[in-house]
Amino acid sequence: MLTDAHCHPFDLASEFPQAEEERRRMGVIAAASAAYTDEFAHNEELARRAALDGAAPLLPCFAIHPQCAPMIMRDETSADEQLEFLEKLASEERIAAVGETGFDLFNAQFRETEGVQDRLFAAHLEICLRHDLPVVLHVRRAMHKVFNAAKSLAKCRAVIFHSWQGTQDEGEALLRRGINVYFSFGNVIMLNHKQAMRCCALFPADRLLTETDAPYQPRRGQSYSHWADLPLVIEAAAALRQGVKELEKQIEENFRRAFML
């Protein structure tokens, strides 16, 4: 069964209104991320309908995305409100994971908000640990901050790196630190990203996940990514791993373990 460790159904729907129909038809189990209450409500309703219909599960997740930090700097109360909402979702067992949270130091605008990102990440991590939930990480040019938090991350049920952008050495170092880490790969491994391709080829099979990041990680020639990309991601990953068989089954097992299914 195909699995998607990270996607945005609310945003995908604006590009591809038939997205949920496609997901159900393909039987894709997906972890659906949201950063705002209306996005989460949309995802939760899709999850409820899927459960009633016996369709493949859609797993709602929630967090304040690190790229929201500039907005938080302008309105601190919005962070408090969203963190209260996250705490409520976690306490009511309405989310499968906290995410995506993490750090984004990709450009000057985001680097100016590093302090805000630090505070948000600490708050997210506290909720993860208090409610024994997995955490989904977005990390760009900030792996040093992940290592600074390694002791706390080692206490998490699972740490899922959305669209892994680190090196092979960094991934192996996280595993040595006792972190229950999973590395998710999407269309980037078909876009000649040498570092991601190497990691996908060499990381332990029981640590791999696949994703679409729909609609934000399109293949060449596409305007958005969606569920139909997943078989191609699996095919590319298998080729990188020298044609290993049953990779889809292994990744499904990893997904179920990471997200407590």
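Computed from a predicted structure; not experimentally measured. Heavy-atom basis, side chains included; hydrogens, waters and symmetry copies ignored.
- Residue pairs meeting the salt bridge (Lys or Arg N to Asp or Glu O under 4.0 Å) criterion with at least one member in residues 50-63, sequence neighbours excluded: Arg24-Asp53.
- Remark: Arg119 pairs with Glu76 by the salt bridge (Lys or Arg N to Asp or Glu O under 4.0 Å) rule, at least two apart or across chains.
- With contacts defined as side-chain heavy-atom distances shorter than 4.5 Å, the pair Asn180/Leu175 does not qualify.
- Among all heavy-atom pairs drawn from Leu12 and Ala19, the shortest one is CD2-CB, 3.5 Å.
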Show the numbers, then the answer: is there a side chain to side chain contact (heavy atoms under 4.5 Å, CB included) between Cys156 and Ile179? CA-CA 8 Å; Cys156 290; Ile179 301 172; over 6 Å; no

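- Within a 6.0 Å radius of CD in Gln242, other residues, nucleotides and ligands contribute 12 heavy atoms or fewer.
- Residues Glu22 and Arg25 form a side-chain contact, since some pair of their non-hydrogen atoms from C-beta on lies under 4.5 Å apart.
- Taking NE2 of His124 as the start and SG of Cys128 as the end, the distance is 8.0 Å to the nearest 0.5 Å.
- Between the CG atom of Asn107 and the CD atom of Glu112 there is a distance of 9.0 Å, given to the nearest 0.5 Å.
- The shortest distance between side-chain heavy atoms of Leu59 and Leu261 falls below 4.5 Å.
- Comment: Arg49 does not engage Glu20 in a salt bridge, judged by the lack of any side-chain N to carboxylate O separation of less than 4.0 angstrom.
- To the nearest 0.5 Å, the span separating CG on Leu46 from CZ on Arg48 amounts to 10.0 Å.
- For the pair Ser163/Gln217, a side-chain contact is recorded, criterion being any heavy-atom separation below 4.5 Å from C-beta on.
- If you chain together hydrophobic residues whose side chains sit under 4.5 Å apart, Val159 and Leu125 fall into the same group.
- Taking CG of Leu209 as the start and CZ of Arg207 as the end, the distance is 9.5 Å to the nearest 0.5 Å.
- Val116 and Phe110 are members of different hydrophobic clusters when ILVMFWY side chains are connected at heavy-atom separations under 4.5 Å.
- Screening residues 230-241 for side chain to side chain donor-acceptor pair (under 3.5 Å) gives no qualifying pairs among residues at least two apart or on separate chains.
- The closest side-chain heavy-atom distance from Leu137 to Ile160 is not below 4.5 Å.
- In terms of heavy atoms, Gln250 sits closest to Ala205 at CG-O, 3.5 Å.
- Scanning all heavy atoms of the two residues, the minimum distance from Leu105 to Arg111 falls at O-NH1, 3.4 Å.
- Panel note: side chain Ser78, backbone Ile72; no donor-acceptor pair is recorded below 3.5 Å.
- Using modelled atom types, one side-chain atom of Ser33 and one backbone atom of Glu100 make a donor-acceptor pair closer than 3.5 Å.
- Residue pairs meeting the ring-ring contact (aromatic ring centres under 6.0 Å, His included) criterion with at least one partner in residues 65-107, sequence neighbours excluded, are Phe40-Phe85, Phe62-Phe85, His65-His138, Phe103-Phe121.
- Residue Glu170 is tested with Met143, His144, Gln165 for a side chain to side chain contact (heavy atoms under 4.5 Å, CB included); the sole match is Met143.
- In terms of heavy atoms, Ala97 sits closest to Leu133 at N-CD2, 4.5 Å.
- You'll find the side chain of Asn192 reaches within 4.5 Å of the side chain of Met197, heavy atoms only.
- Sequence neighbours left out, the pairs with a member in residues 223-259 that pass ring-ring contact (aromatic ring centres under 6.0 Å, His included) are Phe16-Tyr224, Phe16-His226, Tyr224-His226, Phe255-Phe259.
- With sequence neighbours left out, Leu202 forms a side-chain contact (heavy atoms from CB on, under 4.5 Å) with Gln168, Arg198.
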Using the rule given for side chain to side chain contact (heavy atoms under 4.5 Å, CB included), can you reason through Thr210 versus Phe185, listing the C-alpha separation, both sets of side-chain angles and the distance that settles it, and then say yes or no? CA-CA 5 Å; Thr210 51; Phe185 298 93; 5.8 Å; no

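- A donor-acceptor contact shorter than 3.5 Å links the side chain of Arg23 to the backbone of Pro57.
- Evaluation of the side-chain contact (heavy atoms from CB on, under 4.5 Å) rule for Ala122 yields no partner, not counting sequence neighbours.
- In the hydrophobic clustering of this structure, Leu89 does not group with Val135; members are Ile, Leu, Val, Met, Phe, Trp, Tyr whose side-chain heavy atoms approach within less than 4.5 Å, directly or through other members.
- When atom types are taken as modelled, the side chain of Glu39 and the backbone of Ala35 share a donor-acceptor pair closer than 3.5 angstrom.
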Is there a side chain to side chain contact (heavy atoms under 4.5 Å, CB included) between Ile29 and Asp4 once you walk through the steps? CA-CA 6 Å; Ile29 308 175; Asp4 189 340; over 6 Å; no

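- The minimum heavy-atom distance between Leu129 and Ser152, with the atom names listed, is CD2-O, 4.1 Å.
- Atoms CE and CG, from Met260 and Asp132 in turn, are 6.5 Å apart once rounded to the nearest 0.5 Å.
- Pairs of residues two or more places apart, or lying in two chains, that qualify as salt bridge (Lys or Arg N to Asp or Glu O under 4.0 Å) and include a residue from residues 250-261 are Glu252-Arg256.
- Applying the side-chain contact (heavy atoms from CB on, under 4.5 Å) rule to Met190 yields the partners Asn187, Arg219, Leu232, Val233, Ala236; only residues at least two apart in sequence or on another chain are considered.
- Pairs engaging residues 138-156 under the salt bridge (Lys or Arg N to Asp or Glu O under 4.0 Å) rule: Asp104-Arg140, Glu114-Lys145, Asp118-Lys145 [sequence neighbours left out].
- Atom CD in Glu246 sits 12.5 Å away from atom CD1 in Ile251 (nearest 0.5 Å).
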Stepwise side chain to side chain contact (heavy atoms under 4.5 Å, CB included) check, Ile95 with Leu86: CA-CA 9 Å; Ile95 52 175; Leu86 174 59; 3.7 Å; yes

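- Put simply, the side chain of His8 never gets that close to the backbone of Ala32: no donor and acceptor are under 3.5 Å apart.
- Side-chain contact between Val136 and Thr101 is absent, with no heavy-atom pair separated by less than 4.5 Å.
- Remark: the backbone N or O of Thr212 is not paired with any side-chain donor or acceptor of Asp229 at under 3.5 angstrom.
- Scanning all heavy atoms of the two residues, the minimum distance from Gln117 to Gly102 falls at OE1-O, 4.1 Å.
- Looking at His131 and Glu93, their side chains never bring a donor and an acceptor atom within 3.5 Å of each other.
- Considering only residues two or more places apart in sequence or on other chains, Asp169 meets the salt bridge (Lys or Arg N to Asp or Glu O under 4.0 Å) condition with none of them.
- No continuous path of hydrophobic side-chain contacts links Ile189 to Leu191 [ILVMFWY only; heavy atoms under 4.5 Å].
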Carefully, step by step, assess Tyr216 and Asp11 under the rule side-chain hydrogen bond (donor to acceptor under 3.5 Å, both in side chains). CA-CA 9 Å; Tyr216 296 115; Asp11 297 336; 2.8 Å; yes

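- Remark: Phe183 engages Trp164, Phe203 in a ring-ring contact (aromatic ring centres under 6.0 Å, His included) (not counting sequence neighbours).
- Pro134 places none of its side-chain heavy atoms less than 4.5 Å from the side chain of Tyr182.
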